[in-house]
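Read the structure below first, then the notes.
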Amino acid sequence: MTSDSDRFSTGVPGLDTILGGGVFDGGIYIIQGAPGAGKTILGNQICFAQAAQGRNALYITLLAESHARMIGHMRRLTFFDEAAIPDRMSYVGAFKTLEDDGLRGLLDVVRREVRTRNASILVLDGLITVHEKARSELELKKFIHELQTQAAFSNCTMFLLTSAFDAEAYPPEHTMVDGLIELQTSLHGRRAERSLQVHKLRGSWFMGGKHSYRITESGHAIYPRVEALLETPSVWDSADGPMVSVGIAGVDKMLGGGVDTHSVTVVLGPSGSGKTTAGLQFLTGGPADEPAMHFGFHENPRALAIKARTLKLSMDERGDKISLLWRPQTEAILDEVATELLGAIKARGVRRLVIDGIEGFSKLTDEKTRIGSFLSALCNELRALGVTTLATAETDHAGITPGQPLKGVNQTGLSAVAENIIALHLAALRSENHRLMTILKSRDRRTDMRMRRFEIAEGGIALDEDYRKAEVILRDISSQGPAPAPLADLKLAGE
């Protein structure tokens, strides 16, 4: 009977999380995927990770590339350790034996090499060749059974790599092994994305569904699906603590003193309405020694620093207490970006976070049905980590409709994840554009929800003391007629 004490880490980032903690000593696992999916890299990565811990690993190839070519390719990856070969990491070719002596001869090679090298990890690269060499389904089952016996007897964990997979055929080896991991590549438009799925894992819970991965210079980097990984937060949010300033005095006053610690506030508005400015004020609005972070998809750190200096916001003076993290929406993967963000927050002890352009997450995937549960899991984890968050979201509403000042402001999908929602508006009154602000939602507090006019000047957003000017603007928009025709002799500035 297996227990967690029999389990060990594969050494592959993210894979152990999906496997519920790793694999079991003496187990047999199939890793399958189409050519180019990264099976050989994954097998070598697992072997070298075990060799780095002082265990002996054995890599047996059948009808595959030569060992010289394989080692040449692996040498480019950071996990490769030349010093581990041949004492802790050994390569053995067994295709000739399989061809001459069949499956029985291959079993003899496995037994001999595992015993001689005292291997605790074995990778057999080319199970499809064994499948083709077997004279019957029964012979193949006997081969897998003999491997299981050898694995248990020698306490050697085995990984069998194969490109053979038919989801409807259920090959006999699939029913006999302890685990089945599939590597896939799919096209999303012109962009390719790799995914990993665990179909089977005996003796343990595992994280179901598909999970993204990349092959980098460090090997496989696997990113568990955020909504599965954070189905419940890593720690429970205490849901108490003092109120904190949003960095804009007028908004704090409308909210009755600020927002709750650990809360999420969303600022909605069209392009040019002042969302990024609000984010920079929130970023610099806390205590000088409070770690804060700005994460965005659009403006790079240099542009943000210039904007903060122009507004005379004290970002430079904070030094390394303020971090600027930029992730362009190019080839990024949704779960990869979330993993990097949460990792940076934990590493730097961030307590105040700005997400500039939260709708950017939805542009990293074409699985739009994921976004609601993704954002919910992400925001719950931010609360659990003690982070107070302000996120901006762009709307396509670029003006005020007479008599319907909130028309076009869409907060669908954000209300469920945010305690507070603030809307910024651009109001065109004849030749003038005015900026207006209103609070659409604040949870569990008395709030002044009347609109305020505001300006952006040195120091950032400055709200009017009361709602009167905003009310005049809205009334004038409702009563204004069509714009008058220009006079024939109108002179343009500069003529």
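Remark: the backbone N or O of Ala418 is paired with a side-chain donor or acceptor of Lys441 at under 3.5 angstrom. For the pair Thr388 (side chain) and His262 (backbone), a donor-acceptor distance under 3.5 Å is present. Distance alone, capped at 3.5 Å, is enough to place a donor-acceptor pair between the Lys275 side chain and the Pro270 backbone. Not a single donor-acceptor pair under 3.5 Å links the side chain of Asp260 to the backbone N or O of Ser263. The closest donor-acceptor contact from the side chain of Thr392 to the backbone of Thr276 lies at 3.5 Å or more, if one exists at all. Counting only distance, with no hydrogens or angles, the side chain of Asp178 and the backbone of Ile28 share a donor-acceptor pair below 3.5 Å. At least one donor-acceptor pair closer than 3.5 Å links the side chain of Thr310 to the backbone N or O of Ile306. Looking only at distances, a side-chain donor or acceptor of Tyr29 sits under 3.5 Å from a matching main-chain atom of Phe24. Side chain of Gln281 to backbone of Ile461: a donor-acceptor contact under 3.5 angstrom is found. Side chain of Ser442 to backbone of Leu255: no donor-acceptor contact under 3.5 angstrom is found.
Residues passing the ring-ring contact (aromatic ring centres under 6.0 Å, His included) test with His145, sequence neighbours excluded: none. Residues satisfying the salt bridge (charged side-chain N to carboxylate O under 4.0 Å, His left out) criterion with Glu367, sequence neighbours excluded, are absent altogether. Under the side chain to side chain donor-acceptor pair (under 3.5 Å) criterion, Glu290 pairs with Arg352, sequence neighbours left out. With sequence neighbours left out, His220 forms a ring-ring contact (aromatic ring centres under 6.0 Å, His included) with Tyr213. Applying the ring-ring contact (aromatic ring centres under 6.0 Å, His included) rule to Tyr223 yields no partners; only residues at least two apart in sequence or on another chain are considered. By the salt bridge (charged side-chain N to carboxylate O under 4.0 Å, His left out) test, Asp335 pairs with Arg370, sequence neighbours left out. Considering only residues two or more places apart in sequence or on other chains, Glu359 meets the salt bridge (charged side-chain N to carboxylate O under 4.0 Å, His left out) condition with none of them. For Phe80, the ring-ring contact (aromatic ring centres under 6.0 Å, His included) partners are Phe48, not counting sequence neighbours. Qualifying salt bridge (charged side-chain N to carboxylate O under 4.0 Å, His left out) partners for Arg117, counting only residues two or more places apart in sequence or in other chains: Glu113.
Listed here is the closest heavy atom pair of Ala94 and Ile60: CB-CG2, 3.8 Å. Residues Ile18 and Pro224 come closest through the heavy atom pair CG1-CG, 4.0 Å. Minimum interatomic distance between Pro291 and Arg348 (heavy atoms only, all atoms of both residues): CB-O, 3.6 Å. The shortest heavy-atom contact between Pro35 and Ser163 is CD-CB, 4.5 Å. Summarising the geometry of Arg88 relative to Ala51, their closest heavy-atom pair is NH1-O, 2.7 Å, with the distance given to 0.1 Å. Across all non-hydrogen atoms, the minimal contact from Val198 to Phe206 is O-CE1, 3.1 Å.
Annotation: the span from Asn155 atom CG to Ser120 atom OG amounts to 8.0 Å, rounded to 0.5 Å. How far CG of Asn44 is from CE of Met89: 4.5 Å, rounded to the nearest 0.5 Å. Residue Lys39 holds its NZ atom at 13.0 Å from CD1 of Ile181, rounded to the nearest 0.5 Å. Note: Leu378 CG to Leu230 CG = 8.0 Å, rounded to the nearest 0.5 Å. Separation of atoms CD (Glu173) and CD (Glu137) is listed at 9.0 Å; rounding is to 0.5 Å. Of the inter-residue distances, the one linking Ile358 atom CD1 with Cys379 atom SG reads 5.0 Å to the nearest 0.5 angstrom.
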Could you give me the CA-CA distance, side-chain angles and deciding distance for Arg383 and Glu381, then say whether salt bridge (Lys or Arg N to Asp or Glu O under 4.0 Å) is met? CA-CA 5 Å; Arg383 294 183 186 95; Glu381 182 67 6; over 6 Å; no
Given the rule in the salt bridge (Lys or Arg N to Asp or Glu O under 4.0 Å) test, do Arg55 and Asp25 qualify, once you have shown the distances and angles that lead to the verdict? CA-CA 12 Å; Arg55 307 177 82 183; Asp25 286 320; 3.3 Å; yes
Let me see the working for Arg191 and Glu331 under salt bridge (Lys or Arg N to Asp or Glu O under 4.0 Å), right down to the final yes or no. CA-CA 8 Å; Arg191 184 174 62 88; Glu331 289 290 305; 5.1 Å; no
Quick one, Asp316 with Arg309, criterion salt bridge (Lys or Arg N to Asp or Glu O under 4.0 Å). Give me CA distance, side-chain angles, the key distance, then yes/no. CA-CA 8 Å; Asp316 291 335; Arg309 291 190 201 106; 2.7 Å; yes
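Contact check for His131 versus Leu140: side-chain heavy atoms found under the 4.5 Å cut-off. In this structure, the side chains of Leu106 and Leu62 come closer than 4.5 Å at one or more pairs of heavy atoms. Contact of the Phe297 side chain with the Leu364 side chain is registered, since non-hydrogen atoms from C-beta on lie closer than 4.5 Å. Annotation: side chain of Leu196 is in contact with side chain of Leu15 (closest heavy-atom distance under 4.5 Å). Residues Leu324 and Met315 form a side-chain contact, since some pair of their non-hydrogen atoms from C-beta on lies under 4.5 Å apart. For the pair Leu341/Ile345, a side-chain contact is recorded, criterion being any heavy-atom separation below 4.5 Å from C-beta on. Taking the side chain as every heavy atom from C-beta outward, Leu147 and Met158 approach each other to under 4.5 Å. Val177 is not listed as a side-chain neighbour of Gln148, based on a closest heavy-atom distance of 4.5 Å or more.
Sorted by first then second residue, the salt bridge (Lys or Arg N to Asp or Glu O under 4.0 Å) pairs that include residues 210-221, not counting sequence neighbours, are Arg214-Glu336. Residues in residues 291-303 take part in no salt bridge (Lys or Arg N to Asp or Glu O under 4.0 Å) pair, two or more places apart or across chains. The stretch residues 262-274 participates, sequence neighbours left out, in no salt bridge (Lys or Arg N to Asp or Glu O under 4.0 Å) pair at all.
Side-chain contact check for His174 and Gln32: at least one donor-acceptor pair (N or O, by modelled atom type) lies under 3.5 Å. Counting only N and O atoms by type, the side chains of Glu193 and Thr185 include no donor and acceptor under 3.5 Å apart. A donor-acceptor contact closer than 3.5 angstrom links the side chains of His67 and Thr61. Side-chain contact annotation: Ser186 with His188, donor-acceptor N/O pair under 3.5 Å present. Under 3.5 Å, the side chains of Glu182 and Gln184 contain a donor-acceptor pair of N or O atoms.
No more than 12 heavy atoms of other residues, nucleotides or ligands shown are found within 6.0 angstrom of CD on Glu231.
Taking the six-membered ring where the residue is Trp, Phe361 and Phe295 present parallel rings, their angle staying beneath 30° rather than reaching 60°.
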